[in-house]
*Asks:* 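One structure, as structure tokens, below. Some questions next.
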Amino acid sequence: MSRLKELRTPVFWAEGHPGKLDREGWKIEVGGLCKRPTTFSWQELCAMPKRVADARLTSVTRFSVRGRWGGVKLADIMGLVGAEPHVGYVRFWSIREVYDTAIPIAVALKERMLLAYEFDGDYLEEDYGGPVRIFCPYLWGYKSAKSVVRIELSDHYVPGFWEQRGYTDEAYIEAGKVRDMNEGGRVRPIPAGEVIKFLDE
Ligand SMILES: Nc1nc2c(c(=O)[nH]1)N[C@H]1C(S)=C(S)[C@@H](COP(=O)(O)O)O[C@H]1N2
Ligand SMILES: [Mo]
């Protein structure tokens, strides 16, 4: 059983579970405002330098799970495609392109912002957004789009799936109580997200 499953991490697929996905055949198309639009295959992503962020995914529905999320830094992808200087937002689409969400470029370039393919050393399964998902520890979990197939660099913001349904565009993590999945779902206080600190600097 995967570690995320063992921890009883909730599985969210607002648009419906995608079923079995083809890891070896996975591709992510990156385009929009960049010099070299590129499609990255599973093999190409795995060949890139791997980053591990020991960090938390925190949902606005008030659960949080911590572990070693492994994958490729989104900043490395931005560099490879040659993001234009006027890129303001990075938009992500999940498989079937019903679920989407976007974040400011300043967040996308941060150190622990990943295109993640593993958690605690296991490849991510479909339930948790495998083969490859966004992992954004800085903002509420709805910015961490699962099973990503397309990334678009843009000069403007478009509200995503949950943002159109009332979640904030900024997704700043607010201090409050969450169920900590690493502690068996114990309810405990958490501080506000790290990105707020960063934006104030
Ligand atoms: N495609 C897709 N991505 C998604 C969601 C979703 O419903 N569909 N839910 C988001 C929300 S609200 C959260 S908190 C996290 C939850 O990740 P998990 O299902 O791996 O626990 O995924 C995010 N990414
Ligand atoms: Mo969430």
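If you read the sequence from its start, that first residue is 1, and numbering goes on from there. All of these numbers come straight from a predicted model, not from anything done at the bench. Atoms within each ligand, like the ligands themselves, are counted from 1 in listed order.
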*Asks:* Below 4.0 Å from ligand 1: does a non-hydrogen atom of F161 turn up there or not?
*Replies:*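 No, F161 has no heavy atoms under 4.0 Å from ligand 1.
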*Asks:* Does F119 approach ligand 1 within less than 4.0 angstrom via side chain, backbone, both or neither, non-hydrogen atoms only?
*Replies:*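 It is neither part, as no heavy atom is under 4.0 Å.
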*Asks:* Quick one, K143 and V107 - any side-chain contact, counting heavy atoms below 4.5 Å?
*Replies:*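 They are not in contact (no side-chain heavy atoms under 4.5 Å apart), so the answer is no.
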*Asks:* Does K143 come within less than 4.0 angstrom of ligand 1, counting non-hydrogen atoms of the residue?
*Replies:*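 It does not; every heavy atom stays at 4.0 Å or beyond.
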*Asks:* So is there a nitrogen or oxygen of P10 less than 3.5 Å from a nitrogen or oxygen in ligand 1?
*Replies:*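 So ligand 1 has an N or O lying under 3.5 Å from an N or O of P10.
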*Asks:* Number the atoms of ligand 1 from 1 as they appear, then name those within less than 4.0 Å of a heavy atom of F63, with their elements.
*Replies:*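 Atoms satisfying the 4.0 Å criterion: 21 (O).
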*Asks:* Ligand 1 and A14, any nitrogen or oxygen pair closer than 3.5 angstrom?
*Replies:*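 Yes, since at least one N or O of A14 sits under 3.5 Å from an N or O of ligand 1.
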*Asks:* Could you list which atoms of ligand 1 come closer than 4.0 Å to a heavy atom of V11?
*Replies:*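 So the atoms of ligand 1 that pass are 19 (O).
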*Asks:* Should S94 be counted as touching ligand 1, given the test is an N or O pair under 3.5 Å?
*Replies:*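 Checking ligand 1 against S94, an N or O pair does fall under 3.5 Å apart.
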*Asks:* Got an N/O contact under 3.5 Å between F12 and ligand 1?
*Replies:*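 Min N/O separation from ligand 1 is below 3.5 Å for F12.
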*Asks:* Is there a heavy atom of L57 sitting under 4.0 angstrom from any atom of ligand 1?
*Replies:*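 The answer is yes: ligand 1 sits under 4.0 Å from a heavy atom of L57.
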*Asks:* For atom 10 (C) of ligand 1, which protein heavy atom lies nearest, and how many Å away is it?
*Replies:*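 Ranking protein heavy atoms by distance from atom 10 (C) of ligand 1, first comes Y99 OH, 3.4 Å.
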*Asks:* Ring-plane angle category for W69 and F135, please: parallel below 30°, perpendicular beyond 60°, tilted otherwise.
*Replies:*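 The arrangement is parallel - the two ring planes meet at less than 30°.
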*Asks:* Is a side-chain donor or acceptor of R133 paired with a backbone partner of S144 at a separation under 3.5 angstrom?
*Replies:*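 Confirmed, R133 side chain pairs with S144 backbone.
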*Asks:* Sequence neighbours left out, what pairs pass side-chain hydrogen bond (donor to acceptor under 3.5 Å, both in side chains) with at least one residue falling in residues 91-104?
*Replies:*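 Qualifying pairs: R91-D100, E97-R150, T101-E163.
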*Asks:* Could you name each residue pair satisfying salt bridge (charged side-chain N to carboxylate O under 4.0 Å, His left out) that touches residues 17-40, not counting sequence neighbours?
*Replies:*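 Pairs touching residues 17-40 that pass the test: K20-E126, K35-E84.
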*Asks:* Does any N or O atom in K146 lie less than 3.5 angstrom from one in ligand 1, N or O only?
*Replies:*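 Yes: some nitrogen or oxygen of K146 is under 3.5 Å from one in ligand 1.
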*Asks:* Is it the case that ligand 1 has an N or O less than 3.5 angstrom from some N or O of Y167?
*Replies:*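 No, Y167 has no N/O under 3.5 Å of an N/O on ligand 1.
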*Asks:* Please list, in number order, the atoms of ligand 1 under 4.0 Å from a heavy atom of Y142.
*Replies:*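 Once the distances to Y142 are compared, the set is 10 (C), 11 (C), 12 (S).
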*Asks:* Looking only at protein heavy atoms, which one is nearest to atom 20 (O) of ligand 1, and what is the separation?
*Replies:*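 The closest heavy atom on the protein side is R133 NH1, 2.8 Å.
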*Asks:* Are the aromatic rings of Y167 and W162 close, with centres under 6.0 Å apart?
*Replies:*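 So the answer is yes for these two rings.
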*Asks:* Under 4.0 Å between a side-chain nitrogen and a carboxylate oxygen: does that hold for D127 and K146?
*Replies:*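 K146 and D127: not salt-bridged.
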*Asks:* Taking C-beta and beyond as the side chain, do F119 and Y128 meet within less than 4.5 Å on heavy atoms?
*Replies:*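 Side chain of F119 against side chain of Y128, heavy atoms only: no contact under 4.5 Å found.
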*Asks:* Taking all non-hydrogen atoms of both residues into account, name the closest pair between N182 and S64 and its distance.
*Replies:*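 Here N182 and S64 meet closest at OD1-O, 4.2 Å.
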*Asks:* Flag S59 as yes when one of its N or O atoms lies below 3.5 Å from any N or O atom of ligand 1, and as no otherwise.
*Replies:*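 Between S59 and ligand 1 (N or O atoms, distance only) the closest approach is not under 3.5 Å.
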*Asks:* Does W42 form a ring-ring contact (aromatic ring centres under 6.0 Å, His included) with Y117? I'd like the steps, not just the answer.
*Replies:* CA-CA 9 Å; W42 168 254; Y117 50 73; 5.6 Å; yes
*Asks:* Among all protein heavy atoms in this structure, tell me which lies nearest to atom 24 (N) of ligand 1, with the distance rounded to 0.1 Å.
*Replies:*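 Of every protein heavy atom, S144 O, 3.0 Å lies nearest to atom 24 (N) of ligand 1.
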*Asks:* Could R112 and E194 be called an ion pair, given the rule that one side-chain N must be under 4.0 Å from one carboxylate O?
*Replies:*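 Counted as a salt bridge, because a side-chain N and a carboxylate O are separated by less than 4.0 Å.
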*Asks:* Quick one: look at T9 and ligand 1, take heavy-atom pairs under 4.0 Å, and tell me if it's side chain, backbone, both or neither.
*Replies:*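 Side chain only.
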*Asks:* Answer yes or no: is there a side-chain heavy-atom contact under 4.5 Å between I190 and I173?
*Replies:*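 Side chain of I190 against side chain of I173, heavy atoms only: contact under 4.5 Å found.
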*Asks:* Which atoms of ligand 1 are found less than 4.0 Å from any heavy atom of G141?
*Replies:*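 In order of numbering, the contacting atoms are 10 (C), 11 (C), 13 (C), 14 (S), 15 (C), 22 (O), 23 (C).
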*Asks:* Kindly confirm or rule out an N or O of E15 lying under 3.5 angstrom from an N or O of ligand 1.
*Replies:*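 The answer is yes, given that E15 and ligand 1 share an N or O pair closer than 3.5 Å.
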